[in-house]
Amino acid sequence: MSKKQFDVLVIGGGPGGYVAAIRAAQLGFSAACAESNPYADPKGEPRLGGTCLNVGCIPSKALLHTSHMFEEASHDFADQGIKVGTPSIDVPTMVARKAKIVDQLTGGIKGLFKKNKVTMLPGHGSFVGQTEDGWDIKVGDEVIGAKQVIIATGSTARHLPGIPVDNTLICDNIGALDLDAVPKRLGLIGSGVIGLEMGSVWRRLGAEVTILEAMDSFLGAADQDVAKEAQKVFAKQGLAVKLGVKVGKVTPAKNKKSVTVEFEDKDGAQKAVFDKLIVSVGRVPNTDGLNAEAVGLKLTDRGMVDVNDHCQTNLPGVWAVGDVVRGPMLAHKAMEEAVMVCELMAGQAGHCDFNTIPWVIYTSPEIAWVGKTEQQLKAEGVAYRAGKIPFMANGRALGMGAPTGFVKMLACAETDRILGVHIIGANASELISEAVVAMEFHGAAEDLARICHAHPTMSEAVHEAALAVDKRPLHF
Ligand code: FAD
Ligand code: NAI
């Protein structure tokens, strides 16, 4: 049988990989995508969508939504005169709903592959070697030829030595999204994005949540004004975040029903017993098994595939995108890079603006930002003007019962160009897009100040923050 040959072979079917395969096909390349992980598919077939669709963005947001509704029904409806009695949560139904959404979306990508004539190759992909016109890649037991290769193998949860993750008692993101009941006492190691989102889900449903964080500061990557507000609000909600923690011995009980965590913080050595423990201390790139060393693929000190701004590796015709390369581990960043790479391959002006990649944390209130934080501008010695508007001064927010938080805009003192926008509040995930568009077009605060915003909307707070940069807010 002759060797299958493609213009573009993508290794990995997550947001970086499936988007790359679809865009390559749209641009007229013959495209294939190798994916190995079955993620417990009932048919035993590899499921497309990667971490994001199977065990990341989508399932976590489904659980966040259900738990948010539960919390509103439990605590907020009464204020608005809605009487529902005491709601109860049926965790298996909540988890089954989440699984259905995941099935729908992962199956949908198979449909998109068909529509775009992308060949799906089930199996693990690894480099065999360079050929006259490209690369040989082994997928499963078959060797496939490709003129260009895009590595999109993503990442997996980082585990800690001495903390055995079994995804039943001690979980990473995979088990954390599949708990079958609300744990009475939930411990999380790491108060990053997963710690806060998963901690919020199970706290809202009634768990007593303790997050053990190594750093002394809370949400160090966020603007510190936002981080301070978030810390205050989360503490009020009952999310106990302990900072400056050194986690020691972790001992599962013999019956595997609880786990004891020894740790040290400013109050000295302590012990805590949890019914479930989630380890959320970052992620590691998936480069094992690519046979990278044999073909001379350069990795960074942190084990990522080394790429330039155009996602080119050191090997001719080999590109890499998404979590397996530098930059934020975000699905939309992976997709942007994927599109850029395919357009560059097609001789077009592929583009990815790494300064305007938004961050969102889907807690309640939501947290979203784009561009520089105030502490970064100070450290870089950039002169800026800030405009800050609390949602308390926004009619729509009050009507929605969501007065918490604010919008803060940072603009260059000299040119008025927007350098960063930081939002904590309801719908921050949607509101941030306006700031991204403005920044992508090199907009000034004055540009946003002169744009008509619908009334009453939360987006008026973005408008007012732009006005506040020039010290002329109208409603605050
Ligand atoms: P992945 O999604 O990891 O996909 C890589 C794929 O490659 C996997 O399917 C893997 O099986 C496959 N693979 C690996 N090696 C091989 C091989 N050798 N051969 C064949 N296949 C291979 N990001 C957001 O932007 N928003 C969010 O709300 C968000 N929430 C998240 C919540 C959680 C709990 C987690 C864990 C992550 C979340 N993320 C979120 C991050 C997001 O999931 C990742 O940034 C994104 O999935 C990265 O896409 P990727 O294509 O680079 O890699
Ligand atoms: P993270 O990098 O966001 O946070 C990890 C946290 O663990 C940090 O605060 C770190 O200081 C802490 N930590 C590290 N080692 C520790 C130790 N030994 N003891 C105690 N604390 C320790 O990583 P996380 O939460 O695992 O998420 C991984 C990535 O997934 C995120 O960085 C993000 O890229 C992506 N993600 C994105 C989401 C979104 O966009 N809404 C949601 C969830 C994940």
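Every number for a ligand or one of its atoms is a count from 1 in the order of the listing.
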Write out the residue and atom name of the closest protein heavy atom to [atom], then the distance separating them to 0.1 Å.
| atom | answer |
| --- | --- |
| atom 11 (O) of ligand 2 | Glu213 OE2, 2.6 Å |
| atom 1 (P) of ligand 2 | Gly192 CA, 4.1 Å |
| atom 2 (O) of ligand 2 | Gly282 CA, 4.1 Å |
| atom 3 (O) of ligand 2 | Val193 N, 3.2 Å |
| atom 13 (N) of ligand 2 | Val281 CG1, 3.8 Å |
| atom 5 (C) of ligand 2 | Ser280 O, 3.5 Å |
| atom 20 (C) of ligand 2 | Ala214 N, 3.3 Å |

Is there at least one pair of N or O atoms, one from [X] and one from ligand 2, spaced under 3.5 Å apart?
| X | result |
| --- | --- |
| Val247 | no |
| Ile194 | yes |
| Val360 | yes |
| Arg283 | no |

Run the numbers for me: atoms of ligand 2, each under 4.0 Å from some heavy atom of [X], listed by number.
| X | result |
| --- | --- |
| Leu212 | 20 (C), 21 (N) |
| Ile189 | 19 (N), 20 (C) |
| Met215 | 11 (O) |
| Tyr362 | 41 (N) |
| Gly190 | 6 (C), 7 (O), 12 (C), 21 (N) |
| Met329 | 33 (C), 34 (O), 35 (C) |
| Arg158 | 14 (C), 15 (N) |
| Leu160 | 18 (N) |

Could [X] and [Y] be called an ion pair, given the rule that one side-chain N must be under 4.0 Å from one carboxylate O?
| X | Y | answer |
| --- | --- | --- |
| Lys110 | Glu35 | no |
| Lys3 | Asp136 | yes |
| Lys232 | Glu229 | yes |

Within 6.0 Å of CD in Glu430, more than 12 heavy atoms from elsewhere: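 Open.
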Using side-chain heavy atoms (C-beta onward) and a distance below 4.5 Å, is [X] in contact with [Y]?
| X | Y | answer |
| --- | --- | --- |
| Val182 | Trp202 | yes |
| Arg283 | Thr51 | yes |
| Val10 | Val118 | no |
| Arg47 | Asp103 | yes |
| Ile432 | Val421 | yes |
| Trp135 | Leu9 | no |
| His351 | Glu440 | yes |
| Cys311 | Arg326 | yes |

Could you tell me the separation between the CG atom of Asp216 and the NZ atom of Lys266, rounded to the nearest 0.5 Å?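 Result: 10.0 Å between the selected atoms.
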Just let me know how Lys246 lines up against ligand 2, side chain, backbone, both or neither, with a heavy-atom cut-off below 4.0 Å.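 Under 4.0 Å from ligand 2, Lys246 contributes no heavy atoms.
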Taking 4.0 Å as the limit for heavy-atom contacts, which would you say applies to Asn173 with ligand 2: side chain only, backbone only, both, or neither?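 Neither part.
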Test: salt bridge (Lys or Arg N to Asp or Glu O under 4.0 Å). Region: residues 161-173. Which pairs qualify, not counting sequence neighbours?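 Salt bridge (Lys or Arg N to Asp or Glu O under 4.0 Å) check on residues 161-173 returns no pairs.
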Contact residues of ligand 1 (heavy atom under 4.0 Å), by chain and number: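 The answer is Ile11, Gly12, Gly13, Gly14, Pro15, Gly16, Gly17, Ala34, Glu35, Ser36, Asn37, Gly50, Thr51, Cys52, Val55, Gly56, Cys57, Ser60, Lys61, Gly123, His124, Gly125, Ala152, Thr153, Gly154, Ser155, Asn173, Ile194, Arg283, Gly322, Asp323, Met329, Leu330, Ala331, His332, Ala334, Tyr362, counting any residue whose heavy atom sits under 4.0 Å from ligand 1.
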Does Val245 have a heavy atom less than 4.0 Å from any atom of ligand 2?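 It does not, in that no heavy atom of Val245 comes within the 4.0 Å cut-off of ligand 2.
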Quick one, Leu205 with Met94, criterion side chain to side chain contact (heavy atoms under 4.5 Å, CB included). Give me CA distance, side-chain angles, the key distance, then yes/no. CA-CA 11 Å; Leu205 299 179; Met94 172 181 79; 3.6 Å; yes
With side chain to side chain contact (heavy atoms under 4.5 Å, CB included) as the criterion, how do Phe113 and Cys33 come out once you've worked through the C-alpha distance, each side chain's angles and the decisive distance to 0.1 Å? CA-CA 9 Å; Phe113 272 14; Cys33 179; 3.6 Å; yes
Can you classify the ring geometry of Trp369 versus Trp359 as parallel (below 30°), tilted (30 to 60°) or perpendicular (above 60°)?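 Parallel.
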